[in-house]
Amino acid sequence: MKQIPRLHIVGRKNAGKTTLVCELVLELSRLGYSVATIKHTHHHHELDTPGKDSHKHREAGAAGVGILSSQMTAVFIPVTRKDNETDRYRRFNTLFQDCDLILVEGDLHASAVKLEVWRSAASEAPYAASQAEILAVVTDDPVTLNCSVLPRRDIGTLASSVLKYAGL
């Protein structure tokens, strides 16, 4: 099984992570790349609908539940305490085998390539100021850091940088 490059777009709340991920997906897709995305959150969300058949299957103890409809395919995989983040990302690698790249929105603590989107309006220093594992900061605001600073307004340059960092 091929290892699909995974790149995390991190940043503080309201820094523009979702907007940047969406713009990158549009641009990379336009360039002919197949891009999957993962939204990482620390909050508990019930992604399945309680009372629906798929939820009942999971509650009954199914190791995984899939849904096939005319418009969507979805998979719900319950997590146990022994499942670590690395193993969970490995599962996505299997599910997204037909893709060229996986972009993750968030997960500052993952051991993977990370770019930070930052705006001075967030009023807090970039994470990259204290976390050397962030390879670059994406911003149009002036900032001095010990990593690359990429222009936010230039999605073409950003897409090229993402491809370079992902080894594509």
Side-chain angles (χ1 to χ4, degrees), residues 1-45 47 74-141 143-168:
M1 173 179 11
K2 74 175 182 176
Q3 184 63 37
I4 300 168
R6 187 178 89 234
L7 189 137
H8 291 244
I9 303 297
V10 300
R12 298 193 186 276
K13 184 176 176 145
N14 295 321
K17 296 180 297 292
T18 301
T19 301
L20 180 58
V21 167
C22 291
E23 289 177 8
L24 284 170
V25 168
L26 282 169
E27 179 65 10
L28 292 167
S29 296
R30 187 188 69 76
L31 294 172
Y33 291 91
S34 177
V35 182
T37 64
I38 300 169
K39 168 63 178 165
H40 181 271
T41 181
H42 292 287
H43 306 289
H44 173 75
H45 292 280
L47 302 176
V75 176
F76 298 101
I77 304 170
V79 177
T80 66
R81 291 185 185 265
K82 67 181 172 93
D83 292 336
N84 63 44
E85 295 264 335
T86 302
D87 292 335
R88 293 170 69 194
Y89 279 118
R90 198 171 292 123
R91 286 183 184 146
F92 280 114
N93 192 67
T94 301
L95 295 169
F96 295 143
Q97 272 297 295
D98 295 336
C99 296
D100 299 306
L101 174 66
I102 299 172
L103 288 178
V104 179
E105 180 183 335
D107 201 357
L108 190 61
H109 304 292
S111 57
V113 175
K114 289 186 267 306
L115 302 182
E116 178 179 4
V117 61
W118 180 78
R119 296 181 309 130
S120 61
S123 75
E124 294 183 64
Y127 289 122
S130 61
Q131 297 189 19
E133 65 274 4
I134 295 174
L135 297 182
V137 171
V138 177
T139 187
D140 287 330
D141 298 331
V143 64
T144 302
L145 297 163
N146 290 328
C147 65
S148 298
V149 177
L150 303 171
R152 172 64 182 91
R153 68 188 165 280
D154 186 352
I155 197 66
T157 297
L158 284 175
S160 294
S161 295
V162 163
L163 293 172
K164 179 184 83 170
Y165 287 128
L168 297 172

4.5 Å side-chain heavy-atom contact, [X] and [Y]:
X: I9; Y: L24; result: yes
X: C147; Y: L135; result: no
X: T19; Y: R152; result: yes
X: R119; Y: N14; result: yes
X: L163; Y: L28; result: yes
X: L101; Y: Y33; result: no
X: L20; Y: L158; result: yes

What heavy-atom pair brings [X] and [Y] nearest, and what distance separates the two atoms?
X: H8; Y: A110; result: CE1-CB, 3.4 Å
X: A121; Y: D141; result: N-OD2, 4.4 Å
X: P126; Y: V143; result: CG-CG2, 4.0 Å
X: Y127; Y: G11; result: CE1-C, 3.7 Å

Quiz item: With a cut-off of under 6.0 Å to the ring centre and 45° to the axis, is R6 in cation-pi contact with Y89?
Solution: yes
Practice problem: Quickly, which of D100, N93, D98, L95 forms a side chain to side chain contact (heavy atoms under 4.5 Å, CB included) with I4? Name it, please. | Solution: N93
Practice problem: Pick out which of L108, L150, L145, V137 makes a side chain to side chain contact (heavy atoms under 4.5 Å, CB included) with E116. | Solution: V137
What is the distance from atom [atom1] of [X] to atom [atom2] of [Y], rounded to the nearest 0.5 Å?
X: I155; Y: E27; atom1: CD1; atom2: CD; value: 6.5 Å
X: S160; Y: L168; atom1: OG; atom2: CG; value: 11.5 Å
X: I38; Y: E105; atom1: CD1; atom2: CD; value: 11.5 Å
X: D140; Y: S120; atom1: CG; atom2: OG; value: 10.0 Å

Quiz item: In this structure, are over 12 heavy atoms from other groups packed under 6.0 Å from K2 atom NZ?
Solution: yes
